> 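So that we are looking at the same thing, I have put the structure below in structure tokens.
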Number of protein chains: 2
Amino acid sequence: MKYRRIPDETIQRLPMYLRAFSLLEGEKELTVCSRQLAVRLGLNPHQIRKDLSYFGNFGRPGVGYPVQTTARRIRHILKLDKTQKTALVGAGRLGTALVAYPGFSSFNLEIAAVFDSDPKKIGKKIGHLTIESAARLAGLKKRNIHLAILAVPADAAQSVTDKLIKAGVRGLLNFSPGRLKVPASVKKIDIDLASQLSILPYYL
Amino acid sequence: MKYRRIPDETIQRLPMYLRAFSLLEGEKELTVCSRQLAVRLGLNPHQIRKDLSYFGNFGRPGVGYPVQTTARRIRHILKLDKTQKTALVGAGRLGTALVAYPGFSSFNLEIAAVFDSDPKKIGKKIGHLTIESAARLAGLKKRNIHLAILAVPADAAQSVTDKLIKAGVRGLLNFSPGRLKVPASVKKIDIDLASQLSILPYYL
DNA sequence: GGTCGTTTGTGAATGTGAGCACAAATAAAA
DNA sequence: TTTTATTTGTGCTCACATTCACAAACGACC
């Protein structure tokens with residue numbers, strides 16, 4: 001395989017593939033072919049093959065993809081073969097829900113710290129985590145935390161983001177609406193709940 | 001303007017445009033040109049003009065876009081000129097957070113009913129809403145609710161979806177992971193929180 | 001060992017959205 | 001009224017993702 005630029009769209013599909021392969025691992029399947037996988041995921045088999053081929057030769061012609069090996073390789077590509085610690089900023093209702101969200105652990109994702117600026121919340125517990133002061137954000141690098149989830153009100157979003165980036169955070173999952181300025185070296189993913197919901201009526 | 005197919009990407013940007021125009025309305029601005037707007041939103045001015053032009057001639061050359069009129073027209077396109085009622089299914093932590101989410105109201109979106117299958121939760125209150133039994137989903141059509149947010153565990157997602165569609169729901173915001181089968185007449189938007197977060201480590 | 005059916009990997013074709021350049025339209029100034 | 005400075009709307013081009021088609025690889029069976 002020669003080098004080709006890997007489309008962002010491919011990266012975005014990898015978690016879906018990983019989930020499917022993990023499931024098949026649990027079902028003790030040894031191999032799976034792109035056609036079966038395509039049916040499971042509601043995709044085109046060609047797309048699956050092309051996506052996986054970006055990362056080298058995963059499968060064997062006439063057989064398919066080895067379930068365990070492929071799962072491991074995708075985990076490695078996404079750097080999910082070791083637990084990834086994440087900081088959560090904003091201990092409001094959404095933040096609290098995210099701490100308890102059961103879906104992260106199967107991807108080896110862990111919310112390892114919670115911050116808030118409200119003095120009344122600091123020291124209180126969410127699950128097994130203690131809410132820390134926003135002043136302590138600067139210590140993230142030492143704690144080996146490079147990812148953060150932003151669940152603060154819109155007006156605080158930019159200033160918190162600046163602090164996070166100064167603290168060495170390089171990946172950001174942003175729930176606040178509006179534009180957030182980050183340097184090109186930081187990967188930012190936006191989830192604007194209100195915008196998403198407001199698209200639906202259009203199709204009515 | 002002759003007919004052109006409107007890209008989904010354009011529709012997805014409309015809420016962003018609407019938010020900006022609403023803000024400008026509040027600032028008592030009378031007009032805004034695509035260049036200013038582009039700076040605000042971090043986009044290309046060409047893109048904004050092209051997006052808006054799909055829906056007819058919004059602006060005036062040499063002047064720009066009339067703030068109030070354009071805001072109104074985008075609201076009308078997205079059918080947000082009247083309040084859109086939404087049903088929430090799943091009164092867990094995520095569901096509870098969504099009921100309290102302050103971002104919906106500015107788009108005229110309202111969570112008007114909450115459902116759960118857990119008998120212990122039924123009858124309890126979330127905000128000013130009373131949690132209803134899932135058996136009452138069938139009554140959604142009579143209540144003029146055509147949109148739903150799905151915040152239930154993965155294993156319940158498909159069966160709840162089927163009930164919702166039978167009850168006349170035609171737009172779905174789905175927070176459960178994995179594949180959800182819906183007929184082509186139903187618009188579905190997926191928000192897979194774990195998948196989104198698991199993309200970030202790749203870029204580290 | 002040869003043949004046949006299956007499945008992968010990939011170059012090529014197709015489809016689609018983003019970016020661009022420019023003509024047409026407008027307002028303000030001369 | 002004419003000129004100048006803006007700004008929109010849009011055909012065109014480019015870039016990129018998806019889809020296709022086919023050669024090469026593989027296992028199974030004879």
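Keep in mind the model is a prediction, meaning the values are calculated, not measured. Residue numbers begin at 1 in each chain, while the letters A, B, ... track the order of the sequences.
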> Give the rounded distance in Å between these two atoms: CD of A:Gln12 and P of D:dC16.
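After rounding, the gap between these two atoms is 16 Å.
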> Can you check whether A:Arg5 has a side-chain N or O nearer than 4.0 Å to OP1 or OP2 of D:dA15?
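For D:dA15, neither OP1 nor OP2 has a side-chain N or O of A:Arg5 closer than 4.0 Å.
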> Between C:dT10 atom C1' and A:Phe58 atom CZ, what is the distance in whole Å?
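Rounded to whole Å, this separation is 16 Å.
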> Listed by chain and number, what are the salt bridge (Lys or Arg N to Asp or Glu O under 4.0 Å) partners of A:Arg73, not counting sequence neighbours?
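Salt bridge (Lys or Arg N to Asp or Glu O under 4.0 Å) check on A:Arg73 returns nothing, list empty.
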> What is the distance from CD1 of A:Ile48 to P of C:dT10, rounded to the nearest Å?
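After rounding, the reported distance stands at 16 Å.
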> Just how far, in rounded Å, is P of D:dT8 from CG of B:Leu52?
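The answer, rounded to whole Å, is 10 Å.
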> Under the side chain to side chain contact (heavy atoms under 4.5 Å, CB included) rule, collect the residues that match up with B:Lys181, sequence neighbours excluded.
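Testing B:Lys181 for side chain to side chain contact (heavy atoms under 4.5 Å, CB included), a comparison that skips the adjacent residues, returns B:Gln158, B:Arg179.
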> Suppose we screen for side chain to side chain contact (heavy atoms under 4.5 Å, CB included). Which residues come up paired with B:Lys85, at least two apart in sequence or across chains?
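Side chain to side chain contact (heavy atoms under 4.5 Å, CB included) check on B:Lys85 returns B:Glu110, B:Ala112, B:Ile145.
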> Could you check B:Asp51 against B:Arg49 for salt bridge (charged side-chain N to carboxylate O under 4.0 Å, His left out), going step by step and ending with a plain yes or no?
CA-CA 5 Å; B:Asp51 280 341; B:Arg49 290 207 296 277; over 6 Å; no
> Does anything in residues 28-42 of chain A reach DNA chain D, meaning a heavy atom under 4.0 Å, and if so which residues?
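Within this stretch, nothing sits under 4.0 Å of the strand.
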> Report, as a single string ordered 5' to 3', how protein heavy atoms within less than 4.0 Å touch nucleotides 18-30 of chain D: B base, S sugar-phosphate only, - not at all.
SBBB---BBS---
> Does the side chain of A:Ser22 pick up a donor-acceptor pair with the side chain of A:Arg75 at under 3.5 Å?
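Yes, because at least one side-chain N or O of A:Ser22 sits under 3.5 Å from a partner of the opposite role on A:Arg75.
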> Taking NZ, NE, NH1 and NH2 as the nitrogens, is one of them in A:Arg40 or A:Glu27 under 4.0 Å from a carboxylate oxygen of the other?
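A salt bridge links A:Arg40 with A:Glu27.
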> Check the phosphate of C:dG9 against A:Tyr65, side-chain N and O only, distance under 4.0 Å to OP1 or OP2. Yes or no?
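Result: yes.
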> What residues, two or more places apart in sequence or in another chain, satisfy salt bridge (Lys or Arg N to Asp or Glu O under 4.0 Å) together with A:Arg170?
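None.
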> Say whether A:Tyr203 and B:Asp8, considering side chains only, have a donor N or O and an acceptor N or O under 3.5 Å apart.
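A donor-acceptor contact under 3.5 Å links the two side chains.
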